[in-house]
Every structure is written in C-alpha cells, then in structure tokens.
Amino acid sequence: MKTFGKNIPLIAVVVIAMAMLLPFLWQNDFFSMDEPREALVAVSILKDGNLILPFTSGGDLTACPPLYHLCVALLSLPWGHVSEFSSRLPAALSLIVLCAVVFAFMRRRTTTLRAMLAPLIMLTAYGLHRDALTCNPGIMATAFATGAMLLLYRWHENGGRHLPLAATLCMALTGLTTGPFMVLLPPIVMYVYLLVRGEGSKSAAARLALCTVIALVVPALWYTAAFMQAGGRFGELFMAYHYGSLKGITTQNLFDHNFVGNLAYAATGFAPWLIFIVFTLFARPWRSAGIEPTFRALMQYMRTASPLTAFTFTATLTLLVLSWLPTGHHDISLLCCHVFLSMFTALYIAWLSRRHKSRTVAAFAAFTALAGILFSVAFQVLQSGVFSGIFFGEHKSNARMSMIKSLYDITPDATESTLMLIPAIIGVLLAVVLCFRRLRHNVRTLTLGTLCVMFAVYIALDAVCRPTMLNIVSLRQMTDVVNKIFPNQKLYSYISKPGMHFFGAEFYLGKPIESFENPAPDSLGRVSKPSSGVLLVPEKDGDQFVARHKDYVFMRRMRSLGHPTEVRDRIRFYKFMRITKQNSAQKIYDSMSIKLQ
C-alpha cells in the first residue's frame, strides 16, 4: 500500500494525459498533407511487408527510417487496416510516456507538486498537444531525444564516469525515427550545460562524442540497407533531404523556415504559457533574484542556480538556437524546447510563490478566466447566426470560412453544448476566487484554477470544434463520390507547387494516385506517358495544364464543392485520353461525351 500511495501522483499524471488525448484521436479525418502521407507509409508496410524501405505515395521512397510507421503498422494489426486512430496512437502514447518520464525525473529533484505541474503544462502547451493528436513521427522523436537528455543529466549527476548506455539507446531510437541529425541534439545540449556550469572538461566531451558515434551506428545500418535495396535513387533522395532543397524529389519541404518563422512557431507552440511568462516580466523578477537584465549576468546566475533550474533553462535556449539550423527537423528541436520550457515554467511558478509575486499569477489567472468565458460566448454568438450574413456570404467561400461556418451549421447535442459551456462556468468560478483577497494571493489555487480552464477549453476544442471544422475540409466525402463515378478508372494528379500530392484522397480511396507528369515505372522499370484515365488538378492549375498538353483531349467532369486543406482550392476532375494515329481528337471527344450514369 505504501508503494501504491507513493505512485498516486504518477498515476494521476498518466490518467490525465490519457483523458486529454486518447478519446479524441478518431474524432476528425485527415485534413492536412502531412498525416495521410505518414499513414500511407504504414499502409505500404502492411501491404508489401517491406520493413526497410517502404514506399510512400506514387512510388516515392521514404527518406527517414520508418520506426514510427512500423509502430503504426503494428498497432493497426488488430483492425486489419490503418485508420486515423491507429496512425495517431503512437504519437499520443509518446507524449503520455514523456509526461510520466518528466514527472519521475522532476520528482527525484524537487517537490511532488512541482513535478506534477510540469507535465500538466506540457499537456496544455499548444504545440505538444496539437502534435500528439496527429500522425506525426516528430512527437515520438521528441520523446526519445528528451529522454536521452534527461538520462545524460542523470549520468552527469552520478559522476559521468562510465558511458551512458541508456541515453545512447534513446539517441539511437531518435535516429531511427527522424534520421541522423537529431541524434546530435542530446549531446550538444548536455555539453552546453556543462560549459555554462563551468564543468565542460575534455573527458566529458570525449564520452559524449563516443556515445554519439555509437548511437549513429544503428541508423547507419538502416541507411546502408536502404541504399542496397534502392541504389542511387535513395542516395539522391538522402542528399536532397538532408543537405539541400528537396526540389520536388520528396513530398516535404523542410527548409522553408527562417528566424522570424521559427520564433513565431516557438511562441505559438508554447501558448498560452508564454503569455504567462510575458505577464511576469512586468513585475521585473530579476530584481528579486539580484541579477542585472543582461545575458552575461543571466549566464553568471545560472552557474550558481540549482542544477535543475540551470539545466532546464540552458536546454531551452540551446534547443531554440539549434532549431534555426537548416537540419530539416527544426520542429523537433522546438518540441523538445517546449518540454524543457514546461519544466522551467513549473520551477518558475514555484519561485514566484516563494518570492510573494502572486500578482502576476493572479493577472494571468484573470486573463485565462476571461478567455474561457469569451470562448463559450463566441460559440453561442456564432450559433445564433447574428453575423452569418456578414461572414458567410456567397462571395466569401474559402477553406477557412468554410471551417468557421461549419460551427454555425451544426446542431450540437446536449453533451456538446455542455462541453462548450464548461469553460465559461470554470472561468466565472475562477473570477469569483480572484475576488477573495486570501485566495487571490494563493499561487497554488490560482494555478489550479488556470489549469482547469485550459483543460476545459482543450476538451471543448478537441471534442466539438476541431472535428466539426476539420471534417468539412477533409477529402473523405469527396473520395466517396469519386469511387461511385469513377469506380475502375486509373487516377492521376497534377499540382504546380513542387512536392504536393493528394495524400488524403489516396488514403481514403484506397488506391494510388499517380503523378501525371512523373508516372511510376512499371514492373520492368519502364516509364510511359498515361494513355487515359481521370485527372485531379487544383482549379488554379487546371486551365494552364490543359493548354500545355496539346496531345491529350480533356473533358471536365466535375468539381469539388469545398476547398480541401491539402491544396486550399477547389479540385477539378478531368477525364482524358491521349491522341494517337488510331484515335483522332474528334473520335476521342465523341466517345468521352457520353453522359455518365
């Protein structure tokens, strides 16, 4: 019983994390390009059994080790197919395990309340919460990389004499999830921390370098096996993916980021807690700490601060800087940054409580209470239709307006109405608490009330708003119509933007959509132009594409009603046939003009 009593906080953290994530994994369809692209790799594993180098859409090769996709395939076995739930489950489980690991790590080095606060902040940080509800290998890589950093910290605490094998294993698993560059994150962060603390010896650097080399062996074995299987084609893809612009070779454009973009991504990813940190800066906390507001003074303070505070703060800044390097995985660096910033924020709130800086916490609690109330009120106003004529007119149809209009169109049931009302109720209760002077100065009470409002808002978003808004721009409904109208026809696509593809349509159709201008080779390796079939093309590209291909006859058959988020445009469907000596353009036009049943 004593053991069970000690583990109650850990169980509470795990249960809260599961309740915040698992019920919402199947609520909405795939709506972006990224999710179905990753899910299709798992589909390829189940279909072909190729564990080394599974194919993505259109015969494209994967550029990174498929550990995440293998997990998706294994979890999909009970259902016999890859679904939205099974493809997102590894990401959600990764964050749940990471929350438990962070709690256990902090509980050994600080109080239980602070240790519990850190994973709760992680669950309400927008970036981590959002990615845990998607089919995203990055969240699994974040869990492995963060685990490696925490294990390296423990290794340093214990004297750093032997090789940290557990951390090396986590680094190797990071490489098997995203590639070799992310293996470098943990040792770099750890060595920067040692330098800040004045402990960056050559022996520590040598051990960290040796761990990195050992960890890189495992992903190197996969890259060798993949190169032996695909040859120069994979080598070209590897160089393009990791060292330069992708130039349309793969379906991702990982180098489209800059300083401002990364800073904005980092800021929005840690909302709303970044607002809390900004609120506290108005109280000038550096005066209470006895330091000057300069970077040099801050680094000097970190030498004398508690090791846990110095480690979390140093890791946050280091990861933020590393996210600006053109490694192609800046989002993983930022997710790791959000984890350590959550840990630092938990310690920061405790420090504010000790320094009697409750006014800033109360100000943020008031802001959160107001946000919860306005969230519920905005939904009720939108449902009332007061502004429907202004915002949802005939000439204002696009993907974003369609998503907002969907909240006006739905008729919520009793459960959904209650979920949308709870944030306002908790917000009002928190506002009442702020009216009592004794409670207003209790940082623990204010923090608990703030977390309750955030949990209520996230649950309402994930249970009601997200499914309603995202399913309206999903390709599932359109693909059902395509299967009825073009049941046995070969499908092709064209999108002018490099690296784009109809991944969602291919996932829900259950059959490949080949690129019109870059068709996949046949079994003998020959590549030939399409002779006939159905073309999917965004409306903005349709006319130019048809005018450019004079050797084909195109007949427009239909157009999508919505604006799928993959292309943010309506989709045209053309039935086409190639002009040959046997088939003139007139004959082809006459045969294709038969009315569809």
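Proximity of a side-chain donor or acceptor of Asp48 to a complementary backbone N or O of Asn50 within less than 3.5 Å is not detected. Of the possible donor and acceptor atoms, none in the side chain of Asp131 sits under 3.5 Å from a partner among the backbone N and O of Ile139. When atom types are taken as modelled, the side chain of Tyr223 and the backbone of Val218 share no donor-acceptor pair closer than 3.5 angstrom.
Counting heavy atoms from C-beta on, the side chains of Asp543 and Arg572 come closer than 4.5 Å. Here the side chains of Thr178 and Ile332 are in contact, with some heavy-atom distance below 4.5 Å. Inter-residue side-chain proximity for Leu536 and Tyr492 is flagged as unmet; no heavy-atom pair is nearer than 4.5 Å. At a threshold of 4.5 Å between non-hydrogen side-chain atoms, the residues Phe576 and Val546 do not count as touching. Within the 4.5 Å cutoff, the side chain of Thr142 has no heavy atoms near those of the Ser94 side chain. Ile121 places a side-chain heavy atom less than 4.5 Å from the side chain of Phe270. The shortest distance between side-chain heavy atoms of Pro54 and His69 does not fall below 4.5 Å. In this structure, the side chains of Leu509 and Leu491 come closer than 4.5 Å at one or more pairs of heavy atoms.
Nearest heavy-atom pair across Ile45 and Ala73 is CG2-CB, 4.0 Å. Closest heavy-atom contact between Leu319 and Met149: CD2-CE, 3.9 Å. Between Leu419 and Ala460 the shortest heavy-atom distance is O-CB, 3.5 Å. Here the closest heavy-atom approach between residue Thr316 and residue Leu341 is recorded as OG1-N, 3.4 Å. Contact detail for Val14 and Ala100: the closest heavy-atom pair is CG2-CB, 4.0 Å. Smallest separation of non-hydrogen atoms from Ser493 and Ile513: CB-CG2, 3.7 Å.
Rounding to the nearest 0.5 Å places CD of Gln27 at 9.5 Å from CZ of Arg88. Interatomic distance, OG1 of Thr212 versus CD1 of Ile188, reported as 8.0 Å (0.5 Å rounding). In this structure, CG in Leu176 is found 11.0 Å from CE in Met140, a value given to the nearest 0.5 Å.
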When you look at Met171 and Leu184, which way does the side-chain contact (heavy atoms from CB on, under 4.5 Å) test go after all the steps? CA-CA 8 Å; Met171 291 161 60; Leu184 304 177; over 6 Å; no
Please assess Leu77 against Leu74 for the test side-chain contact (heavy atoms from CB on, under 4.5 Å), listing each intermediate value before the final yes or no. CA-CA 5 Å; Leu77 288 177; Leu74 291 175; 4.1 Å; yes
Stepwise, does the side-chain contact (heavy atoms from CB on, under 4.5 Å) test hold for Thr224 with Trp222? CA-CA 5 Å; Thr224 302; Trp222 177 84; over 6 Å; no
May I have the step-by-step check of side chain to side chain donor-acceptor pair (under 3.5 Å) for Trp273 and Thr124, ending in yes or no? CA-CA 8 Å; Trp273 290 102; Thr124 51; 2.8 Å; yes
Determine, step by step, whether Leu185 and Ser333 satisfy the side-chain contact (heavy atoms from CB on, under 4.5 Å) criterion, reporting the C-alpha distance in whole Å, the side-chain angles of both residues, the deciding distance to 0.1 Å, and the verdict. CA-CA 8 Å; Leu185 279 184; Ser333 302; 3.9 Å; yes
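Within the structure, ring-ring contact (aromatic ring centres under 6.0 Å, His included) pairs that include any residue of residues 125-152 comprise His129-Tyr458 (at least two apart or interchain). Here side chain to side chain donor-acceptor pair (under 3.5 Å) pairs that include residues 72-82, with residues two or more places apart or in two chains, are Ser76-Ser86.
Under the 6.0 Å cut-off for aromatic ring centres, Tyr494 and Phe516 do not qualify, their centroids lying 6.0 Å or more apart. Annotation: Tyr574 is not in aromatic contact with Phe545 [ring centroid separation under 6.0 Å not met].
Applying the ring pair (Phe, Tyr, Trp, His ring centres under 6.0 Å) test to Phe103 and every residue at least two apart in sequence or in another chain returns nothing. Evaluation of the side-chain contact (heavy atoms from CB on, under 4.5 Å) rule for Ala118 yields Val102, Met106, Met343, Ala346 as partners, not counting sequence neighbours. Residues meeting the ring pair (Phe, Tyr, Trp, His ring centres under 6.0 Å) test with Phe507, sequence neighbours left out: Phe30. In this structure, the side chain to side chain donor-acceptor pair (under 3.5 Å) partners of Tyr508, at least two apart in sequence or on a different chain, are Glu84. Annotation: side-chain contact (heavy atoms from CB on, under 4.5 Å) contacts of Gln489 (sequence neighbours excluded): Phe486, Val534, Lys575. Among residues two or more places apart in sequence or in another chain, the side-chain contact (heavy atoms from CB on, under 4.5 Å) test is passed with Asp551 by Lys529, His549, Arg578. Applying the salt bridge (charged side-chain N to carboxylate O under 4.0 Å, His left out) test to Lys490 and every residue at least two apart in sequence or in another chain returns Glu514. Every residue two or more places apart in sequence or in another chain that forms a salt bridge (charged side-chain N to carboxylate O under 4.0 Å, His left out) with Glu517 is listed here: Arg548. Applying the salt bridge (charged side-chain N to carboxylate O under 4.0 Å, His left out) rule to Arg466 yields the partners Asp462; only residues at least two apart in sequence or on another chain are considered. When the salt bridge (charged side-chain N to carboxylate O under 4.0 Å, His left out) test is applied to Asp541, no partner is found at least two apart in sequence or on another chain.
Atom NZ of Lys47 sits in a sparse spot, with 12 or fewer heavy atoms from other residues, nucleotides or ligands closer than 6.0 Å.
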